[in-house]
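Have a look at the structure below before the remarks.
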Amino acid sequence: MTLAWCPIQFKNATPLSPSKINSAWQKLAEDMVDFLKHRFTYSTFTVEFTGITDTSTSNEKTCTVKPPFSWEMIGAELISYGAANVSALSVTGTPATLSLTTITGTRVVASTNLRKASAASVETTFTLSVTSGGAYTLGKTYLNVQVKQDRGSVSFSTYGMNNTPSFSSGELVTAAKMNTAFTNYQTASTASALASNGFSMQIYMRRNVAAAIPAYLQVLRLPAIKRTLHSFDVVNLAAATNNLTATITNQAGATVGSAVTVNGAGVNTIAKTQGTTLGPTQQSGTDPTNSANDFKLTLTRAGAGTIQMGYVVIYFTG
Amino acid sequence: MSLVTLAGVIANTDLQNNFEDKIGVINPDSEAGGSQKTYYQIDFETISTLINTTSDGTQLFDITVPDDMELLMMALQAWSPDATSRTITVTLGAVDSTGTSVPSYVLNQTVQCGVHVTAAAEFLAVRQDFRSSTGTKIFLVKGITYRLTFSSDSGTTINRAYGCLLFQQKRRTV
């Protein structure tokens with residue numbers, strides 16, 4: 001990617017020829033096209049399966065995401081340090097089923113570079129299967145998913161610039177034509193800069209949440225870098241009356257968007273609220289090394305029973 | 001700088017201004033962020049039983065990165081259940097397919113963040129800032145597996161330790 005520059009220095013009392021103007025337009029158009037072509041971004045997110053036991057339900061071995069953007073899984077890796085009595089692990093929902101066998105306390109990895117595209121607002125569920133010969137508690141086990149996202153084609157022609165502006169030989173260089181062209185470039189560059197232009201997500205998951213969530217398990221910090229908190233999902237697997245609330249606050253402690261409470265729907269039923277919109281921007285001018293600028297995701301709960309699994313998926317753009 | 005509406009006899013300065021104005025939009029986005037770069041965060045957490053002899057994988061987090069990226073910042077928080085003094089550290093490294101360390105992928109640098117806990121409270125480490133134009137810059141390479149290793153200098157457990165890495169990446173044409 002090159003840096004844009006103007007090839008012409010316009011000097012007073014120097015003839016302004018169409019060819020000189022045209023070369024400047026051409027260069028600006030090339031720079032703009034180069035700018036608009038950079039449409040793909042890459043990121044990762046992680047699904048935790050650490051601590052799953054032989055008494056965990058099938059629902060506890062799942063994790064569902066529903067990104068608000070179209071996206072493509074370009075790869076995934078399942079990493080595990082095993083558990084006694086566990087002979088095999090597999091995860092579906094990825095581009096290809098990831099399987100691990102001969103699992104001991106030593107790190108084992110299964111990975112895939114296959115691709116799987118998904119439209120926006122479509123659920124993808126990752127499901128862990130465990131083959132065991134007795135009681136077990138999984139050691140460190142997690143799935144990393146690699147993501148590619150395309151912001152889409154922001155074409156030059158969208159902004160009324162089907163052709164690079166130019167003056168014919170002998171054509172009078174008019175202010176009106178030039179003003180129109182500059183305005184179109186202005187619109188294109190501004191719109192491109194503001195377009196949804198990157199995507200990532202994070203999952204904050206807690207298992208076997210006791211009636212009183214300790215303060216040290218409640219919070220996920222989101223340091224201030226230039227990105228937009230687009231929306232979030234809240235998932236709760238618990239008996240009725242055991243409710244999970246997710247609240248995102250800014251650096252001033254004010255709630256961003258709305259807090260979301262998901263009521264327990266039964267120990268065998270996943271309850272979820274997806275796509276709660278947010279929309280602030282963590283500004284690049286704010287220093288991420290200063291923890292006072294952090295946004296925070298905070299989990300709280302109600303009820304006296306254990307929440308088997310509760311998690312929040314936060315979607316970011318930018 | 002903003003667009004000047006041209007009229008009548010076009011002044012060279014106005015013409016120059018307008019071209020430079022558009023370039024002034026494109027280049028900051030290209031160089032310093034905005035729509036030509038994207039940012040994201042990787043979180044990592046260890047479990048509460050972390051002590052100085054832990055070696056069962058619970059203190060490790062591996063991730064293969066999908067693209068070249070520049071490390072902006074490293075943060076670490078730890079919660080202690082008591083006043084026992086101990087230091088929790090997280091170190092960034094790289095590993096090969098067997099999990100063997102390959103330090104050259106972090107330029108043989110020690111990329112580390114530590115926090116000293118001394119009470120039953122949350123402690124925040126001084127965040128490691130890699131954004132400086134003159135300081136150490138760490139670039140993660142596409143397709144390489146990087147490892148975060150938690151360690152403790154104490155035989156006393158903690159409540160929780162977690163941290164994050166912040167990255168910026170170039171937006172791509174493919």
Side-chain angles (χ1 to χ4, degrees), chain A residues 1 3-6 9-12 14 16 24 28 31-32 35 37-44 74-75 77 79 81 105 107 111 139-140 144 146 148 173 175 178-179 182-183 185-186 189-190 192-193 195 197-198 200 202 214 216-217 220-223 225-227 284 288-289 291 316 318, chain B residues 3 5-8 10-13 15-16 18-23 25-27 29-36 38-43 47 56-58 60-67 72-73 75 77 79 97 99 122 124 127-129 159-160 162 164 166 168-174:
Chain A
M1 181 173 65
L3 294 177
W5 59 283
C6 182
Q9 293 297 314
F10 298 100
K11 298 179 181 178
N12 200 24
T14 302
L16 184 61
L28 187 58
D31 290 335
M32 185 66 75
F35 179 70
K37 283 192 306 184
H38 289 76
R39 50 194 270 193
F40 299 100
T41 56
Y42 294 82
S43 64
T44 60
I74 59 172
E77 55 187 1
I79 299 172
Y81 289 80
R107 169 184 180 270
S111 61
K140 186 73 171 177
N144 293 326
Q146 299 174 346
K148 175 182 179 180
V173 177
M178 297 182 68
N179 286 335
F182 278 124
T183 299
Y185 279 121
Q186 173 97 321
S189 60
T190 302
S192 179
N197 51 27
S200 64
Q202 288 170 252
Y216 54 82
L217 293 180
L220 175 72
R221 284 179 175 266
L222 306 170
I225 54 175
K226 189 176 180 181
R227 55 181 177 170
S284 61
T289 64
S291 60
F316 300 89
Chain B
L3 283 180
T5 301
L6 307 174
I10 298 172
N12 63 301
T13 51
L15 199 56
Q16 196 75 41
N18 284 4
F19 275 106
E20 298 291 347
D21 177 79
K22 293 301 107 241
I23 293 166
V25 173
I26 298 171
N27 280 345
D29 280 339
S30 301
E31 292 180 286
S35 62
Q36 293 298 66
T38 190
Y39 301 90
Y40 86 99
Q41 174 176 335
I42 290 177
D43 297 294
I47 63 173
D56 58 359
T58 56
L60 304 177
F61 177 71
D62 294 347
I63 189 160
T64 302
V65 297
D67 195 13
L72 296 179
M73 190 196 78
Q77 294 85 243
W79 281 260
S97 60
E122 177 188 23
L124 304 176
R127 293 180 173 180
Q128 299 304 301
D129 187 350
N159 288 132
R160 179 184 177 209
Y162 91 90
C164 73
L166 293 186
Q168 68 178 10
Q169 306 159 269
K170 295 281 189 182
R171 299 192 48 228
R172 301 295 186 184
T173 58
V174 293

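Lettering of chains follows the sequences in order, A, B, ..., and the numbering in each one begins at 1.
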**OP:** Evaluate side chain to side chain contact (heavy atoms under 4.5 Å, CB included) for Gln146(A) paired with Asp67(B), printing each intermediate quantity in order.
**Re:** CA-CA 9 Å; Gln146(A) 299 174 346; Asp67(B) 195 13; over 6 Å; no
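No donor-acceptor pair under 3.5 Å is formed between the side chain of Arg227(A) and the backbone N or O of Tyr39(B). The backbone N or O of Ser43(A) sits nowhere less than 3.5 Å from a side-chain atom of Gln169(B) that would complete a donor-acceptor pair. Between the Arg107(A) side chain and the Gly57(B) main chain, no donor and acceptor come within less than 3.5 Å of each other. Side-chain atoms of Gln202(A) never come within 3.5 Å of backbone atoms of Asp43(B) as a donor-acceptor pair (strictly under, hydrogens ignored). Judged by distance alone, with hydrogens and angles left aside, the side-chain atoms of Asn144(A) form a donor-acceptor pair with the main-chain N or O of Asp62(B) at under 3.5 Å.
In this structure, the portions of Tyr216(A) lying under 4.5 Å from any heavy atom of chain B include both its backbone and its side chain. Of the atoms belonging to Tyr162(B), it is side-chain heavy atoms, and not backbone ones, that fall under 4.5 Å from chain A.
The greatest number of non-hydrogen atom pairs below 4.5 Å with chain B, out of Pro214(A), Gly139(A), Pro223(A), is found for Pro223(A). Listed options Ile47(B), Ile42(B), Leu166(B), Asp56(B) were ranked by heavy-atom pairs under 4.5 angstrom with chain A; first place goes to Leu166(B). Between chain A and the options Thr58(B), Thr64(B), Val65(B), heavy-atom pairs under 4.5 Å are most frequent for Thr64(B).
The shortest side-chain heavy-atom distance between Pro66(B) and Ile74(A) falls under the 4.5 Å cut-off.
Ile225(A) contributes atom CD1, which lies 6.5 Å from atom CD of Gln41(B) (distance to the nearest 0.5 angstrom). Here OG1 of Thr289(A) is found 10.0 Å from CD of Gln128(B). Values are rounded to the nearest 0.5 Å. Distance check, rounded to the nearest 0.5 Å: OG1 of Thr44(A) to OH of Tyr40(B) gives 3.5 Å.
Listed here is the closest heavy atom pair of Lys148(A) and Val174(B): NZ-C, 3.7 Å. The minimum heavy-atom distance linking Lys140(A) with Leu60(B) is given by the pair CE-O, 3.4 Å.
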